[in-house]
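Some notes on the structure that comes next.
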Amino acid sequence: MSPFTAEEKEAMKAEAGIAACAFVESGMQIGIGTGSTVKYTILELGRRIREEGLKISGIPTSDATESLSIEQGIPMLNWRDCDYLDLVIDGADEFDPHLHLIKGGGGALLREKIVAESSGGMIVVADASKRVDVLGAFPLPIEVNPYGWEQTKRRIESLCSGTVELRGPDYRTDNGNPILDAHFGPNISDPIQMEADLRAIAGVVEVGLFTNTADVVVLAAPGGCELIRKPTARL
Ligand code: 5RP
C-alpha cells in the first residue's frame with residue numbers, strides 16, 4: 001500500500017511537473033509526455049507562454065496530451081517537419097537506481113518511446129511512490145498487434161513468472177492496439193535483457209521498459225523536490 005495519501009500524491013505530482021519546466025527555454029522543440037504528472041508540466045508551460053512570452057513548440061505523445069497542449073496554447077509540431085527534439089518531459093510508473101523505467105500505465109508507451117528516442121535528453125517527472133530498488137511490482141505494459149494477440153500473450157508468459165493480462169477486451173491504444181500487462185513482481189533484475197527479449201517476440205509492438213533512456217528524474221517527495229541525474233546525463 002502507498003504510504004502517501006491521495007492529496008499528498010497530487011501535491012507531489014504538481015511539484016515535480018512544474019519543477020521540470022526549469023529545463024525548458026525559448027526556442028526549444030520539446031516532447032510532451034502523457035499522464036497525471038505531465039499534466040502539471042503542460043499547464044505550467046501554458047502559463048509561461050501566456051505570462052512570460054515563452055516560445056516553444058512540441059510533439060505530443062498521446063491524443064489526450066495533444067488536446068491539453070493545444071488548449072494551453074502550446075504550438076504543435078508533427079514528424080513531417082521535425083526530426084529532433086531538444087528534450088522530452090514524461091512521467092513513469094516506476095524508476096530504479098539506474099533510472100531504468102517502467103512506463104505505459106497510461107497506454108502511451110509506443111509514442112512515448114518514439115519521442116524519447118528522438119530527444120536530446122529525457123526528464124522524468126515522478127512522485128516518491130515511483131522510486132523502487134528493482135522494477136516489476138507495477139505490471140509491465142506491452143503493446144501488441146491485434147493479430148494473434150493470444151499467441152503473443154503465451155510467448156510473453158514463457159518469460160514472465162507471473163500472470164499476463166489483457167487490459168480490457170475493448171481497450172485500444174491511440175494506435176489501435178491492445179495492451180498486455182505482465183505481472184513480473186519486483187524482480188526484473190536485468191531490464192535491458194528483458195526489454196530485448198520481449199521486443200524479439202513477433203507481435204510485440206513495444207515494451208514499457210525504457211532502459212538507458214532517462215537522464216534526470218525530477219522527484220517530488222513530501223519534504224520537497226530532488227533532481228536525480230545519471231552520471232552520463234545529457235542535460
Ligand atoms: C503513460 C505513462 C505515464 O507517464 C505513466 O503512466 C505515469 O503516469 P502518471 O504521471 O499519471 O502517474 O507512461 O503511458
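We count ligands from 1, going down the list as the structure has it; atoms in each ligand are counted the same way. Hydrogens, waters and symmetry mates play no part in the numbers below; they use all other heavy atoms, side chains included.
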| request: Enumerate the atoms of ligand 1 whose separation from the nearest heavy atom of Gly91 is less than 4.0 angstrom. | output: 4 (O)
| said: Please list the nearest protein heavy atom to atom 3 (C) of ligand 1 with its residue and the distance rounded to 0.1 Å. | reply: Thr34 O, 3.2 Å
| query | For ligand 1, which atoms sit closer than 4.0 Å to a heavy atom of Thr37? | reply | 9 (P), 10 (O)
| query | Which residue from Ser129, Ser36, Ala64 reaches closest to atom 11 (O) of ligand 1 through any of its heavy atoms? | reply | Ser36
| said: Going by side-chain hydrogen bond (donor to acceptor under 3.5 Å, both in side chains), Gln72 matches just one of Arg47, Arg50, Arg48. Which one? | reply: Arg50
| field | Sub-4.0 Å atoms of ligand 1 with respect to non-hydrogen atoms of Gly104 | value | 2 (C), 13 (O), 14 (O)
| task | Would you mind checking which non-hydrogen protein atom is closest to atom 6 (O) of ligand 1, with the distance to 0.1 Å? | result | Asp93 OD1, 2.7 Å
| query | Is there a chain of hydrophobic side chains (I, L, V, M, F, W, Y, each step under 4.5 Å between heavy atoms) that links Leu110 to Met122? | reply | yes
| request: Pick whichever of Glu112, Arg111, Lys113, Glu94 has a heavy atom sitting closest to atom 2 (C) of ligand 1. | output: Glu112
| query | Distance only, no hydrogens: is a donor on one side chain within 3.5 Å (strictly under) of an acceptor on the other, for Gln29 and Asp86? | reply | no
| said: Quick one about Ser36 and Lys13 (side-chain donor to acceptor, distance below 3.5 Å, no hydrogens or angles considered), yes or no? | reply: yes
| field | Non-neighbouring partners of His183 that pass ring-ring contact (aromatic ring centres under 6.0 Å, His included), sequence neighbours left out | value | none
| For Gly35, the ligand 1 atoms whose distance to one of its heavy atoms is below 4.0 Å | 11 (O)
| query | Touching ligand 1 at all, Lys39? Heavy atoms, strictly under 4.0 Å? | reply | no
| query | Linking Ile, Leu, Val, Met, Phe, Trp and Tyr through side-chain heavy atoms less than 4.5 Å apart, which residues share a cluster with Tyr84? | reply | none
| query | Do NZ/NE/NH1/NH2 and the carboxylate oxygens of Glu150 and Arg155 come within less than 4.0 Å? | reply | no
| query | Do the side chain of Ser119 and the main chain of Val115 share a donor and acceptor less than 3.5 angstrom apart? | reply | yes
| said: Using only atom types and a distance under 3.5 Å, with no angle test, would you say the side chain of Asp215 pairs donor to acceptor with the backbone of Leu235? | reply: no
| Residue-ligand contact Ala92/ligand 1, heavy atom below 4.0 Å | yes
| Close-contact set for ligand 1 against Asp90 heavy atoms, below 4.0 Å | 4 (O)
| request: Can you pull out the closest protein heavy atom to atom 12 (O) of ligand 1? Residue, atom name and distance to 0.1 Å, please. | output: Lys130 NZ, 2.7 Å
| message | One residue to check: Val38. Relative to ligand 1, which of side chain, backbone, both or neither has a non-hydrogen atom less than 4.0 Å away? | response | neither
